[in-house]
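To keep things clear, I will list the structure first and then write my remarks on it.
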Protein chains: 2
Amino acid sequence: MGEVDPVAINTLNHEPDIKYIVPGLKRGLDILKIFNRKRVQMNAPEIANELQVPRSTIFRLLQTLEYMDLIEKVPNTSNYKLAAGALGLGFEFLASLEITDFADPILEKLSNKTGLSAHVVIRDKTDVVFIAKKSAKLTFSSSVNIGTRLPAHGTVLGRVLLADLSKAELKKLYPESELVSFSKQTPESVDKLSQVLELDRVNGYAISEAYFEHGIGSIAAAIRDGSSKAVAAINVTYQLGTVEKSLINGLLLESVLAAAAELSRQLNYSDQKALRNVG
Amino acid sequence: MGEVDPVAINTLNHEPDIKYIVPGLKRGLDILKIFNRKRVQMNAPEIANELQVPRSTIFRLLQTLEYMDLIEKVPNTSNYKLAAGALGLGFEFLASLEITDFADPILEKLSNKTGLSAHVVIRDKTDVVFIAKKSAKLTFSSSVNIGTRLPAHGTVLGRVLLADLSKAELKKLYPESELVSFSKQTPESVDKLSQVLELDRVNGYAISEAYFEHGIGSIAAAIRDGSSKAVAAINVTYQLGTVEKSLINGLLLESVLAAAAELSRQLNYSDQKALRNVG
DNA sequence: AAATATTGTTTAATATATGAAACATTGATT
DNA sequence: AATCAATGTTTCATATATTAAACAATATTT
């Protein structure tokens with residue numbers, strides 16, 4: 001029974017074939033991952049039930065996680081919640097990204113110029129992950145937190161990043177030809193996605209009138225590093241119907257492109273290199 | 001500017017006696033924790049050597065961590081670095097804190113009003129941990145990142161939080177009567193600390209001319225929740241010698257106190273409750 | 001280019017982490 | 001208050017994770 005079947009464990013991952021998973025580690029990390037915005041605290045039996053792991057084992061894993069300052073008891077309850085130690089990991093990752101040194105002031109400028117919420121994402125496999133944001137001052141500010149993941153193929157932020165991949169890389173990333181749909185505009189297949197990306201690549205940006213969330217528009221452009229690789233993407237979001245089309249294709253798009261260009265420049269991107277690669 | 005070395009700072013854990021630690025989990029987490037700003041990437045033998053764990057074990061732990069999207073190979077090297085999955089944990093923790101919903105706009109207002117960098121921290125045992133910040137626009141902006149830890153007893157941010165503890169709680173938190181010193185102003189013993197905290201408690205704020213980093217001044221106040229407990233602290237920092245003393249004790253202090261009061265109000269703190277508790 | 005050192009990966013014996021079961025403690029219900 | 005149910009914790013036999021050792025595949029040096 002204790003035998004590990006890495007394939008069956010997590011169907012969303014496309015890792016290279018894993019030979020051996022350390023059960024104690026995997027289970028401990030699984031515990032950490034079941035805590036989220038919606039389920040801030042849980043007790044041991046609930047966790048044991050959810051993960052289908054014996055109570056006595058959960059007990060020891062919880063002790064270990066508590067010892068490592070990753071979870072802590074909620075006072076006066078039998079519940080556990082994430083502890084401050086969990087912060088460390090995430091922020092060391094952020095700190096390891098060169099772009100985080102430059103993103104905040106540029107996002108602020110972009111948000112001020114457009115009056116909209118602005119975001120920077122990176123791609124992690126088939127997801128985009130928010131790594132920096134500036135909420136708009138007045139309007140409904142965007143609800144995404146840093147660390148939030150969205151499916152890359154369903155967002156313009158993801159598309160400008162996926163557009164940087166070759167068709168072969170794309171097929172490898174999406175072994176199933178079917179894609180999950182989130183709106184009428186979501187490409188339903190990898191082939192369809194590939195066509196859309198072709199256009200995004202030519203444009204150098206992508207604009208969506210549906211985005212991942214209904215009623216939200218998004219204008220996105222890729223950020224490139226010194227090797228001309230698209231390493232991140234930047235966007236602004238707005239409520240559909242509240243912004244003139246001429247503004248979208250005018251000032252807003254220009255502002256996003258300018259911000260992307262400025263961030264790219266800070267990462268030592270230069271047009272020359274890009275042209276040389278293309279030509 | 002003197003950068004903070006979070007690794008060297010936090011040496012002390014005061015966990016309850018732990019009966020049993022799951023080795024696979026502890027070691028896997030140890031691997032994650034050796035990645036930081038200074039050491040962004042490492043290879044397997046280096047990790048094995050650092051943690052004094054056999055190569056074959058490290059090999060499997062690394063495989064597991066990679067499978068869980070917490071680390072990834074650095075392209076064209078044998079090194080590993082933190083992966084985007086690490087972000088999730090930290091931000092779910094942040095999202096679980098009620099205060100993060102309100103901190104950003106208040107920090108922005110405080111920073112704009114004072115022209116200084118502003119920060120919010122929580123306390124985790126004997127450390128303060130930065131959970132939100134707004135860097136000043138013009139001056140040398142502060143180098144602390146979210147997730148950074150500083151020893152509570154050596155900062156005014158920490159002191160306004162420690163001031164909320166009873167003497168018994170303080171002694172329990174610092175079983176050794178000696179305290180690590182970071183500047184001439186650092187209290188060298190728990191008794192000395194206790195005296196300083198008494199004053200901080202009466203004042204309702206704390207001002208430092210040495211702070212943790214040399215040459216940096218700091219004005220801090222506690223943020224309280226509906227139960228009048230000091231759950232966080234807010235401050236502004238400035239370079240010593242660049243700000244008039246009258247300004248520090250005037251506008252700057254007022255602004256910090258106002259920001260702390262506003263945040264406390266958002267957490268349902270009311271003066272009545274506080275007075276009732278005291279009297 | 002050959003030799004050597006370092007790193008990556010697998011094997012197999014054995015030390016040990018696991019989990020069913022028992023027991024202890026706490027909380028809920030009558 | 002007494003009983004029952006749920007949760008917290010420990011024990012111990014055994015399934016399995018660990019690691020020394022061997023081997024394979026790369027780097028590095030000569």
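Throughout, a chain's letter reflects where its sequence line sits, starting with A, and its residues are numbered from 1.
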task: For B:Arg27, enumerate each residue passing the side chain to side chain donor-acceptor pair (under 3.5 Å) test, keeping only those at least two apart in sequence or located in another chain.
output: none
- prompt: Of all residues at least two apart in sequence or in a different chain, which pass the side chain to side chain donor-acceptor pair (under 3.5 Å) check with A:Arg37?
  reply: B:Glu92
message: Expected output is a numbered-order residue list: members of residues 73-83 of chain A with a heavy atom under 4.0 Å from any atom of DNA chain C. What is it?
response: none
task: Sort and list the pairs that fulfil salt bridge (charged side-chain N to carboxylate O under 4.0 Å, His left out) and have at least one residue in residues 158-171 of chain A, not counting sequence neighbours.
output: A:Arg159-A:Asp200, A:Asp164-A:Arg224, A:Lys167-A:Asp191, A:Lys171-A:Asp191
Which residues share a side chain to side chain donor-acceptor pair (under 3.5 Å) with A:Glu98, sequence neighbours left out: none
- line: Of A:Val22 and A:Arg60, the one whose closest nucleotide on DNA chain D sits nearer the 5' end is A:Arg60
task: Grab the CG-C1' distance between B:Asn43 and D:dT26 for me, whole Å please.
output: 13 Å
- prompt: For A:Gln52 and C:dT18, what is the distance between atoms CD and C1' respectively, to the nearest whole Å?
  reply: 16 Å
task: List for me each residue that meets salt bridge (charged side-chain N to carboxylate O under 4.0 Å, His left out) alongside A:Arg55, sequence neighbours excluded, and say none if there are none.
output: none
task: Please determine if B:Asp104 and B:Lys133 form a salt bridge, counting it only when a charged side-chain N lies under 4.0 Å from a carboxylate O.
output: no
query: Aromatic rings A:Phe91 and B:Phe91: how do their planes relate, parallel, tilted or perpendicular, breaks at 30° and 60°?
result: tilted
query: Can you name the residues that form a ring-ring contact (aromatic ring centres under 6.0 Å, His included) with A:Phe35, not counting sequence neighbours?
result: none
- request: Could you list all the salt bridge (charged side-chain N to carboxylate O under 4.0 Å, His left out) pairs where at least one residue sits in residues 40-53 of chain A, not counting sequence neighbours?
  value: A:Arg39-A:Glu50
- prompt: Is the distance from OP1 or OP2 of D:dT19 to the nearest side-chain N or O of B:Thr57 less than 4.0 Å?
  reply: yes
statement: Between A:Arg55 and A:Gly24, whichever has its closest DNA chain C nucleotide further toward 5' is A:Gly24
- prompt: In terms of side-chain heavy atoms of B:Tyr20, which of D:dA20, C:dT7, C:dA17 is nearest?
  reply: C:dA17
field: Side chain of A:Ala44 - closest among C:dG19, D:dG8, C:dT10
entry: D:dG8
query: Which nucleotide in the set D:dG8, C:dT7, C:dG19 lies at the smallest distance from any side-chain heavy atom of A:Arg27?
result: C:dG19
- line: Of C:dG19, C:dA17, C:dT10, the nucleotide closest to the side chain of B:Ser56 is C:dT10
query: How bent is the helix from C:dA1-D:dT30 to C:dT30-D:dA1, comparing axes over its five end pairs at each side, to the nearest 10°?
result: 40°
